[in-house]
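Just so it is clear: chains get the letters A, B, ... in the order the sequence lines come, proteins before strands, and each one is counted from 1. Below, each value reflects all heavy atoms present in this structure, side chains not excepted, and no hydrogens, waters or symmetry copies.
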Protein chains: 2
Amino acid sequence: MDATARPEPAARSGTRVAKAPRVPSRANTTQTIYRTLRADIIAMRRTPGEPIVEKHLAESYGVSRTPVREALLRLSDDGLIEIFPQSGTFVARIPMNALPEAVVIRTALEGTAVRHAAQRATRSQVAVLRANLMLQQEMDAAGDFDGFHEADEQFHSLIAEIAGYPGLWGLAQQVKVHVDRYRRLTLPAPGRIAQVIAQHTAVADAIAERDPVLAEQRMSAHLDELLSAIPNTQGANPFYFTGAEMAPATKNS
Amino acid sequence: MDATARPEPAARSGTRVAKAPRVPSRANTTQTIYRTLRADIIAMRRTPGEPIVEKHLAESYGVSRTPVREALLRLSDDGLIEIFPQSGTFVARIPMNALPEAVVIRTALEGTAVRHAAQRATRSQVAVLRANLMLQQEMDAAGDFDGFHEADEQFHSLIAEIAGYPGLWGLAQQVKVHVDRYRRLTLPAPGRIAQVIAQHTAVADAIAERDPVLAEQRMSAHLDELLSAIPNTQGANPFYFTGAEMAPATKNS
DNA sequence: CATGACACACTAGTATACAAGTGTGCAAGA
DNA sequence: TCTTGCACACTTGTATACTAGTGTGTCATG
């Protein structure tokens, strides 16, 4: 009953070499399963509406249901799966009516990021941005779509980092998952990537010129194209979509 | 092995009255524990650094460790507790260096919300806002601090709702938890609440006048005061704070 | 043949048991 | 007195067993 007397484990053993992780960690098994499933869902390797069974996953990973369940609960919080108690668990369908809000939120977040980035960017940071733009062009030239997508994400991540608010990009990532899933379904229109790179370059130029207003305008214009492309493949694909459901962050209420 | 053939449970029994929840639900026990603990932590009824033991919680709630553990995992994702495997779980200390970013993010989100609200607000919606302002004044006059805080939150929630982006406020709530915890520690300076109400009124007026730019300016000014008040009680309180740690949304990487 | 009730197989939710570490405290030795 | 090593009590992580509810298929019944 004297548990309250202990201050914290990290503050122990003053001189001992801290081999243990000083940051709070998470069970490795759960995290692995979570990341794998999340990647599968976003990459559409698991299709919307597809059932997910804890027992099967547990067997395929060679672990018990417990870590699988913990991973599924996180995915449920992210809005990527839907758990119906005593019934079943399914890959979430894409909530079409939540996509505009997601784009607006992302624009708000990244607009702020790029504005601050344009105020604070050093020359070396601008150089890193330019290097990333070159990488994007190389990936496009090589036809490596996944590689371009990765470089694209890194571009946006770099801007948040330059702004001094790296957590901002984490939030944006969290918000844009359904939009990403939707875009997986639409064909990469010919010349689209080159256009995106041009927009990225324009943003980077505005940052280099220390013009926060222009940078934010260009970023907003870039991201708004996500919105205009939304009702595009609606007819082409079947029942992967739904009109109901809330944004993932609405778990409190 | 014909599991993939089943489309979805919600689509069953065409004519049967849908007594079951059509939306994916969450286990009741876990949710109750989660909400209680979350409220306790934000309200500083559980102090930063304080140990949390799954077994004790399970006994006090009269349930097993499993639902307790699930609630704790969610809180860990929120950044409200820190789990050290095989060692212990503790209420998260307030990450001081993450607070400015949280305020910036909240400002970005709510600035966007109020801008859209000013463009779309109907007369009745403005009236609801005004009613809420009156409620705030009543709470202040009655000295009901918690009541005012609740009305305050509702004011911001209403704006997001008017903007047509209710999920935006959910995100803002998620981001501002640590700032809220911090502000619990600082005394409510005399006359502060009246000042806040005045700022709220100014925002509402700008919305009523359909002036998006002015509304966003006033909201930004309102929220920026959170930032200026940050290094205020630093000396007054002990070791509730830390300089490390990341924003809660950085769980992917 | 249509319809309804009902049982059964399957799901997730919960409880319990066990495993794998961690940190404290004590005791033996220099 | 200080250091060092070890053992034990305690934590969370994982596995397994059991509970509770759902949906489907089947079979009796009109």
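The distance between atom CG of Leu72(B) and atom C1' of dT14(C), rounded to the nearest whole Å, is 16 Å. In this structure, Ile52(B) places its CD1 atom 14 Å from C1' of dT11(D), rounding to the nearest Å. The distance from atom NE2 of His56(B) to atom C1' of dA9(D) is 12 Å, rounded to the nearest whole Å. Distance Glu54(A) CD to dT14(D) P: 15 Å, rounded to the nearest Å. Rounded to whole Å, atom C1' of dA12(C) lies 16 Å from atom CG of Leu75(A). At whole-Å resolution of the value, OH in Tyr61(B) and P in dT14(C) are 14 Å apart. As a whole-Å value, the separation of Glu59(A) CD from dT16(D) P is 11 Å. Rounding to whole angstrom units, NZ of residue Lys55(B) and P of dA9(D) are separated by 13 Å.
Taking only side-chain atoms of Arg69(B), from C-beta outward, the nucleotide of dA15(C), dG13(D), dA12(C) with the closest atom is dG13(D). Checking dT14(C), dT11(C), dA12(C) against every side-chain atom of Ile83(A), the shortest atom distance belongs to dA12(C).
Bending across the helix from dC1(C)-dG30(D) to dA30(C)-dT1(D), expressed as the angle between its end axes from five pairs apiece, amounts to 10° (10° rounding).
Classification of the Trp169(B)-His156(B) ring pair by plane angle, with boundaries at 30° and 60°, yields parallel.
Applying the ring pair (Phe, Tyr, Trp, His ring centres under 6.0 Å) criterion to Phe155(A), with sequence neighbours excluded, gives His200(A). Taking Thr29(B) as the reference, Ile33(B), Val63(B), Pro67(B) meet the side chain to side chain contact (heavy atoms under 4.5 Å, CB included) condition, with sequence neighbours excluded. A search for salt bridge (Lys or Arg N to Asp or Glu O under 4.0 Å) contacts involving Arg45(B) returns Asp40(B), not counting sequence neighbours. Not a single salt bridge (Lys or Arg N to Asp or Glu O under 4.0 Å) links Glu150(B) to another residue, sequence neighbours left out. A search for ring pair (Phe, Tyr, Trp, His ring centres under 6.0 Å) contacts involving His116(B) returns Tyr165(B), not counting sequence neighbours.
Across all non-hydrogen atoms, the minimal contact from His178(B) to Ile94(B) is O-CG2, 4.0 Å.
One can find a donor-acceptor pair under 3.5 Å joining the base of dA15(C) and the side-chain atoms of Thr66(B).
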Enumerate the protein-to-nucleotides 18-20 of chain D contacts in which both atoms are nitrogen or oxygen and the separation is below 3.5 Å.
none

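Counting only residues at least two apart or on different chains, the salt bridge (charged side-chain N to carboxylate O under 4.0 Å, His left out) pairs with a member in residues 165-182 of chain B are Glu153(B)-Lys176(B), Lys176(B)-Asp180(B). Screening residues 54-66 of chain A for salt bridge (charged side-chain N to carboxylate O under 4.0 Å, His left out), with sequence neighbours left out, gives Glu54(A)-Arg65(A), Glu54(A)-Arg69(A).
Between Ser87(B) and dG23(C), a side-chain N or O to OP1/OP2 separation shorter than 4.0 Å is present. Contact annotation: Thr89(B) side-chain N/O to dT12(D) OP1/OP2 distance is under 4.0 Å. The shortest distance between the side-chain N/O atoms of Thr29(B) and the OP1/OP2 oxygens of dG13(C) is not below 4.0 Å.
Across all strands, Leu73(A) comes closer than 4.0 Å to no nucleic acid atom at all (heavy-atom distances).
Stacking of Arg93(B) on the aromatic ring of Tyr240(B) is not recorded, the 6.0 Å distance cut-off and the 45° axial limit not both being met.
Mapping Pro85(A) and Val63(A) onto DNA chain D via the closest heavy atom, the residue that lands nearer the 5' end is Val63(A).
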